[in-house]
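Below: one structure, written as structure tokens.
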Amino acid sequence: MIENTENKMPPNFIKEIIDEDLKNNRYTKVHTRFPPEPNGYLHIGHAKSICLNFGLAKEYAGLTNLRFDDTNPTKEDVEYVDSIKEDVKWLGFDWEDRLYFASDYFDTLYEYAIKLIKKGKAYVDSSPFEQIKEERGAPTKPGVESKYRSRTIEENLELFQKMKAGEFEDGVHVLRANIDMTSPNMNLRDPILYRIRHAEHHRTGNKWCIYPMYDWAHGQSDSIEGITHSICTLEFENHRPLYDWFVEQLEIHHPRQIEFARLNLNYTIMSKRKLLRLVEEKHVSGWDDPRMPTISGLRRRGYTPESIRNFADRIGVAKRDNVIDLSQLEFSIREDLNKRAMRVMAVLNPIKVELLNYPENEVEQLDAINNPEDESMGSRKLPFSRELFIDADDFQEVPHKKFHRLSPGNEVRLRYAYIIKCKEVVKDANGNIEKLLCTFDIDTKSGTGTSDKKVKGTIHWVSAKHAVNIEVRLYDRLFNVSAPDSEKNIDFIEHINPNSLAVLKNSMAEPFLKNAKPGERFQFERLGYYCVDSKDSSENKLVFNRTVTLRDSWAKIENQ
RNA sequence: UGCCCUAUGGUGUAACGGUAACACAGAGGCCUCUGGAGCCUUGGUUCUGGGUUCGAAUCCUAGUAGGGCAGCCA
């Protein structure tokens, strides 16, 4: 396997920080966490974070928790909780018995809030929404203090208790921290800790009608879990002083937050909101549509966990904004599947070939190697007969000057079989090719060494009467521009590639594929990697998804 | 006209003060019963200007450029 076996990711600034923390005894172990909000499916960007958090812990012999930051009941759902667990597991990571929810800490968080109020560090603000917004100021304009800021501790305690008891409508009061309305860091301008939301929570039901804000819940959750290094993305950099302030005021365990740049992929959108829109507006078949950058989409597309982990290692982690080339992801899956996928022959767009000098009812069983990269995968038998299918792309009636495949009067090798020559093109009334009449050279049988005839090309084929009909879904990038959501005035939906999916219903595969099981991956020789669709494929109707094409140097020649 | 962060070949990431490395992509070539795989070759005055130093991609400083921050979202 290509994956490095030393459990080591390449050097990065986070490891340097951890090394230093360990050396200085700031912490004596490494404990990380992956903290998704269950409001959507995980995508390849999350995979980067998952690999980072679990990878770091593994490398330092530490632990990683899975914690759902479920502080907003109006946006979250168990469907997402389940999918996230499945995806993390599938990626190959194990949180063991450390599955947590921020909602597990609602009681503790409430106690913490009381503590803050008693210290005079939090107050109930009864200003209307608009007023709070107004008083917060702007990045370049200091905020002003709320008139409720000077309420007594007793008054705050009583009001907060009543908020919890459900005595107020949504939005009537909020609990705010008492910090500094003039701070240049907006996060420190008396941030809201609790809001009233009479909504049912997917775990706590109707127990609560006040819910903690993310900023109030997140850092304390990390603290409660004894997290040493809270790895998060760059946009929370400005929140760090606030989180530090909370744990200092509360005098509780102080995790160290380290921010890194999130993953961006060209020709891809990563925003959960926008992915949700693709699903809701049915531009794709669901969160697991093989064109989606979600983990479930990549899985259905045929990506392996190993390939994604290697990808994450390869792209590294740093603080500068980045856009990774899609080819990097494609390389990762080709690299992995090249080593492990069984080779098989399938004809996407069949043209019939008749071998005029091959006996009518004869069938030969030819030897075919299952994987030239891995001898242990052995070989199999391929039936060969008078009538075959080859791919339309492998025949040109008027060949391009560098075309090495079949054309009238030309010879080509049939992989694992014979060299054939095209004698005649048979067409129907509309001029469409019906079949190719060819002859085969009996001395050129593969493996016999009875002929030293050389031809420039080798093509794949399938025996017509033995072939199994399959459906093939050819996927291409979902968007036709490299940065689909970069223009403010153009809806990213307009950049959807109309050819992102092509369905071929008449493809033919060698009989071995008859027993292919959902999720199984193959290389269709000379074409690419394909996997049996996990949803729509059945024994009667095999459906294959194209994971990725093989590198195609012919395409380059052809385009010149 | 505030605060925070960032700046290395086309794209990423490394180099931890001693003369730029690795991967992907691109371009050449070799090899080949997958035009696959594999192998070889080929790109950078390290954003700019000052400074510190025997020596700077690395430290300081001033610019410039990009990103983030004004949800009772996360």
Side-chain angles (χ1 to χ4, degrees), chain A residues 10-12 16 35-37 39 69-72 74-76 125 128-129 132-134 136-143 170-176 183-189 191-197 210-211 213-215 217-218 232-241 259 261 263 266 272-273 311 313-332 334-335 338-339 343 345 369 372-373 402-405 412-417 419 444 446-447 454-460 523-528 549-558:
Chain A
N12 63 56
E16 285 177 24
E37 184 192 14
N39 68 341
D69 274 338
D70 53 351
T71 55
N72 186 354
T74 62
K75 289 190 176 172
E76 295 150 9
D125 194 337
F129 187 96
I132 290 178
K133 183 185 165 94
E134 182 63 35
R136 186 159 28 231
T140 54
K141 182 181 137 211
D170 286 9
V172 174
H173 307 289
V174 289
L175 184 73
R176 301 178 72 178
S183 171
N185 182 343
M186 301 272 309
N187 296 116
L188 264 18
R189 320 242 264 230
I192 290 168
L193 271 30
Y194 276 94
R195 73 285 214 190
I196 301 172
R197 274 243 203 305
I210 56 172
Y211 289 96
M213 295 290 291
Y214 172 85
D215 276 347
H218 185 80
C232 67
T233 44
L234 252 26
E235 68 267 29
F236 295 104
E237 209 155 28
N238 293 334
H239 296 235
R240 179 161 22 98
E259 309 86 8
L263 165 68
N266 57 15
K272 271 203 233 176
R273 213 192 80 246
F311 170 74
D313 272 354
R314 189 146 28 218
I315 61 175
V317 46
K319 293 194 75 154
R320 58 191 104 102
D321 290 324
N322 61 82
V323 182
I324 307 290
D325 228 276
L326 208 50
S327 64
Q328 193 83 230
L329 219 208
E330 294 179 342
F331 172 82
S332 293
R334 283 196 192 103
E335 176 192 49
N338 175 47
K339 290 277 164 32
R343 270 61 168 174
M345 289 203 280
I369 295 166
E373 302 289 321
K402 288 187 177 171
F403 189 72
H404 293 165
R405 285 111 91 159
V412 75
R413 161 145 245 129
L414 294 179
R415 173 133 245 229
Y416 297 124
I419 289 174
T444 59
S446 289
K454 292 272 185 223
V455 286
K456 278 181 284 185
T458 299
I459 64 174
H460 57 277
Q523 183 195 100
F524 288 180
E525 292 219 32
R526 303 205 313 127
L527 297 174
T549 60
L550 253 26
R551 276 185 57 226
D552 187 0
S553 43
W554 163 245
K556 287 172 196 164
I557 299 168
E558 198 180 23

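Lettering follows sequence order; numbering is per chain, from 1.
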**Study point:** SB check A/E237 A/K319 (cutoff 4.0 Å)
**Key:** yes
Review point. With a non-hydrogen cut-off below 4.0 angstrom, is A/V317 in contact with a base, only sugar-phosphate, or nothing?
Key: sugar-phosphate
Exercise for review: Report which part of the nucleic acid A/E259 touches: base, sugar-phosphate, or nothing (heavy-atom distance under 4.0 Å, all strands).
Suggested key: nothing
Review point. B/G66 P sits how many Å from A/N322 CG, rounded?
Key: 18 Å
Practice item. Just call it for A/K141: base, sugar-phosphate, or nothing, with non-hydrogen atoms closer than 4.0 Å on any strand. Key: nothing
**Study point:** Spacing of the C1' atoms in B/G17 and B/A56 (rounded, Å)
**Key:** 6 Å
Review point. Paired with B/C31: which nucleotide, if any, by Watson-Crick or G-U wobble criteria at under 3.5 Å for both distances?
Key: none
Practice item. Report yes or no: does A/E558 contribute a side-chain atom to a donor-acceptor pair with the main-chain N or O of A/W554 at less than 3.5 Å? Key: no
Review point. How does each nucleotide of nucleotides 3-9 of chain B score, in 5' to 3' order, for protein heavy atoms under 4.0 Å: base (B), sugar-phosphate only (S), or none (-)?
Key: SSSSSB-
Check your understanding: Does any nucleotide pair with B/G10 by Watson-Crick or G-U wobble geometry, both distances under 3.5 Å, and what is it?
Key -> B/C24
Review point. Does B/C24 have OP1 or OP2 sitting under 4.0 Å from an N or O in the side chain of A/S332?
Key: no
Check your understanding: Does A/L329 reach the side chain of A/F311, with side-chain heavy atoms less than 4.5 Å apart?
Key -> yes
Study note, to complete from the structure: Of the candidates B/U13, B/C69, B/A74, the side chain of A/P139 sits closest to B/C69
Exercise for review: For B/U19 versus B/G55, give the span between their P atoms, rounded off to a whole number of Å.
Suggested key: 15 Å
Review point. Going through the distances and angles, do A/R413 and A/T444 end up as a side-chain contact (heavy atoms from CB on, under 4.5 Å)?
Key: CA-CA 9 Å; A/R413 161 145 245 129; A/T444 59; 4.1 Å; yes
Study note, to complete from the structure: Relative to its sugar, using the 90° cut-off around 0, the base of B/G71 is syn
Review point. Does A/N72 or A/I315 map to a spot on RNA chain B nearer the 5' end, using the closest nucleotide for each?
Key: A/I315
Check your understanding: Heavy atoms under 4.0 Å, any strand shown: does A/Y211 hit a base, just sugar-phosphate, or nothing?
Key -> nothing
Practice item. Looking at every strand, decide which applies to A/V174 at a 4.0 Å heavy-atom threshold: base, sugar-phosphate, or nothing. Key: base
Exercise for review: Using heavy atoms to find the nearest nucleotide of RNA chain B for A/G171 and A/R413 separately, return the residue whose nucleotide is more 5′.
Suggested key: A/R413
Check your understanding: In terms of base orientation, is B/G43 syn or anti, with the syn window spanning 90° either side of 0?
Key -> syn
Point to revise | Greater than 12 external heavy atoms within 6.0 Å of A/I369's CD1 | key: no
**Study point:** Pairwise P distance for B/G10 and B/G51, with rounding to whole Å
**Key:** 28 Å
Review point. Can you check whether A/R314 has a side-chain N or O nearer than 4.0 Å to OP1 or OP2 of B/A25?
Key: no
Check your understanding: With a non-hydrogen cut-off below 4.0 angstrom, is A/M345 in contact with a base, only sugar-phosphate, or nothing?
Key -> nothing
Point to revise | Per-nucleotide protein contact string for nucleotides 34-46 of chain B (B base, S sugar-phosphate only, - none; heavy atom under 4.0 Å) | key: BBBS---------
Study note, to complete from the structure: Atom CD of A/E335 and atom P of B/A25 are separated, to the nearest Å, by 10 Å
Check your understanding: So, does A/R189 use its side chain to make a donor-acceptor pair with the main chain of A/A138 at under 3.5 Å?
Key -> yes
Exercise for review: Look only at the side chain of A/N266 and the backbone of A/L326, and say whether a donor-acceptor pair between them is shorter than 3.5 Å.
Suggested key: yes
Point to revise | Phosphate-side-chain proximity, A/R189 and B/C69, N/O vs OP1/OP2 below 4.0 Å | key: no
Check your understanding: Do side-chain atoms of A/N238 reach the backbone of A/N185 as a donor and acceptor pair under 3.5 angstrom?
Key -> no
Review point. Heavy atoms under 4.0 Å, any strand shown: does A/G528 hit a base, just sugar-phosphate, or nothing?
Key: nothing
Exercise for review: Quick one: look up who B/G2 pairs with, Watson-Crick or G-U, both distances under 3.5 Å, and put none if it's unpaired.
Suggested key: B/C69
Review point. What is the distance from CZ of A/F311 to C1' of B/A25, rounded to the nearest Å?
Key: 14 Å
**Study point:** Whole-angstrom distance between B/U6 and B/U58, as gauged at atom C1'
**Key:** 16 Å
Check your understanding: Using a cut-off of 4.0 Å on non-hydrogen atoms, how would the nucleic acid contact of A/N266 be classed: base, sugar-phosphate, or nothing?
Key -> nothing
**Study point:** Check: A/T71 and A/H218 side chains under 4.5 Å, non-hydrogen atoms
**Key:** no
Check your understanding: Quick one: does A/R195's side chain have a donor or acceptor within less than 3.5 Å of a partner on A/G171's backbone?
Key -> no
Practice item. Output the single nucleotide from B/A27, B/C72, B/A70 whose closest atom is nearest the side chain of A/M186. Key: B/A70
Exercise for review: Under 4.0 Å between any heavy atoms, over every strand shown, what does A/H460 touch: base, sugar-phosphate, or nothing? Just pick one.
Suggested key: nothing
**Study point:** A/E259 side chain reached by A/R240 side chain, heavy atoms, under 4.5 Å
**Key:** yes
Check your understanding: Looking for any heavy atom pair under 4.0 Å, which part of the strands does A/F236 touch: base, sugar-phosphate only, or nothing?
Key -> base
Exercise for review: Specify the closest pair of heavy atoms between A/I557 and A/K402, including all atoms of both residues, with the distance to one decimal.
Suggested key: CG2-CD, 3.6 Å
Review point. Counting any heavy atom closer than 4.0 Å, what does A/R136 reach on the DNA or RNA strands: base, sugar-phosphate only, or nothing?
Key: sugar-phosphate
Practice item. Once you apply the 3.5 Å cut-off to both distances, tell me the Watson-Crick or G-U wobble partner of B/U61, or none. Key: B/G49
Exercise for review: Determine: side-chain N/O of A/K133 to OP1/OP2 of B/G71, distance under 4.0 Å, yes or no.
Suggested key: yes
